[in-house]
Amino acid sequence: MAMDQKRLDRINELAHKAKAEGLTDAETAERQTLRDAYLKDFRESFRSQVEMLQVYDKEGKEVTPEKVKDIQREKGLRDD
């Protein structure tokens, strides 16, 4: 699930409140849950971007790391 704006706004709201006046135990737990979800979504998105990556040197030869090529093959993104 992608991080939506409503959840990001709530994370920011809790951060501002924590600095200004502190958080209740329930708010602290909510903040941690939201942070965990945000990091999970970020990592999934980043991993997807890296898995789609192809690297070329100055001569135009592909130098994509073999580990990335293997993942791309497993996902059917590469024919070679």
Side-chain angles (χ1 to χ4, degrees):
M1 172 192 276
M3 179 62 66
D4 61 12
Q5 190 60 45
K6 186 176 176 183
R7 286 172 42 188
L8 284 174
D9 291 343
R10 182 63 178 153
I11 289 171
N12 289 329
E13 180 183 323
L14 290 170
H16 292 297
K17 185 176 181 192
K19 288 181 183 177
E21 58 193 74
L23 298 174
T24 65
D25 290 341
E27 289 170 331
T28 302
E30 178 187 6
R31 179 178 65 174
Q32 190 58 50
T33 301
L34 290 169
R35 285 178 173 177
D36 291 344
Y38 177 83
L39 287 174
K40 180 179 178 275
D41 290 346
F42 176 83
R43 288 178 180 127
E44 287 175 4
S45 175
F46 188 77
R47 177 179 295 274
S48 176
Q49 290 177 19
V50 169
E51 289 173 353
M52 298 297 292
L53 182 73
Q54 288 186 326
V55 183
Y56 294 88
D57 64 12
K58 290 181 181 181
E59 289 80 38
K61 179 182 175 195
E62 184 178 12
V63 292
T64 304
E66 199 59 41
K67 185 175 182 178
V68 175
K69 287 181 181 179
D70 290 341
I71 292 169
Q72 290 170 346
R73 286 183 192 108
E74 288 173 17
K75 293 189 174 196
L77 302 172
R78 182 177 280 275
D79 293 332
D80 61 352

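Since the model is a prediction, treat every value here as computed from it, not as a measurement. Computed over heavy atoms, backbone and side chain alike; hydrogens, waters and symmetry mates excluded.
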What distance separates [X] [atom1] from [Y] [atom2], expressed to the nearest 0.5 Å?
X	Y	atom1	atom2	answer
Gln32	Leu23	CD	CG	11.5 Å
Gln72	Glu66	CD	CD	10.0 Å
Leu34	Leu39	CG	CG	11.0 Å
Arg31	Lys17	CZ	NZ	11.0 Å

Sidechain N-carboxylate O distance under 4.0 Å for Arg73, Asp80: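 A salt bridge is present here (some side-chain N lies under 4.0 Å from a carboxylate O).
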Should we count CG of Asp9 as having more than 12 external heavy atoms under 6.0 Å?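 More than 12 within 6.0 Å, yes.
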Can you confirm whether Arg47 is buried at CZ, in the sense that more than 12 heavy atoms of other residues, nucleotides or ligands lie under 6.0 Å from that atom?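 No, CZ of Arg47 has 12 or fewer neighbouring heavy atoms, counting only those of other groups under 6.0 Å.
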Among residues at least two apart in sequence or on other chains, which ones pass salt bridge (Lys or Arg N to Asp or Glu O under 4.0 Å) with Arg10?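 Scan of Arg10 (salt bridge (Lys or Arg N to Asp or Glu O under 4.0 Å), adjacent residues dropped) gives Glu13, Glu30.
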All N/O donor-acceptor pairs, side-chain side in residues 49-57, below 3.5 Å, sequence neighbours left out:
| residue | atom | partner | partner atom | Å |
| --- | --- | --- | --- | --- |
| Glu51 | OE1 | Lys75 | NZ | 2.5 |
| Gln54 | OE1 | Tyr56 | OH | 3.3 |
| Asp57 | OD1 | Glu59 | N | 3.1 |
| Asp57 | OD1 | Gly60 | N | 3.1 |
| Asp57 | OD1 | Lys61 | N | 2.8 |

I would like to know whether Asp4 and Arg7 meet side chain to side chain contact (heavy atoms under 4.5 Å, CB included); could you show each step before the answer? CA-CA 6 Å; Asp4 61 12; Arg7 286 172 42 188; 3.1 Å; yes
Is a side-chain donor or acceptor of Thr33 paired with a backbone partner of Ala29 at a separation under 3.5 angstrom?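 Checking the backbone N and O of Ala29 against the side chain of Thr33, a donor-acceptor pair under 3.5 Å is found.
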Write down the atom of Gly22, the atom of Glu27, and the distance for their closest heavy-atom approach.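 So the minimum-distance heavy-atom pair works out to O-OE1, 4.4 Å.
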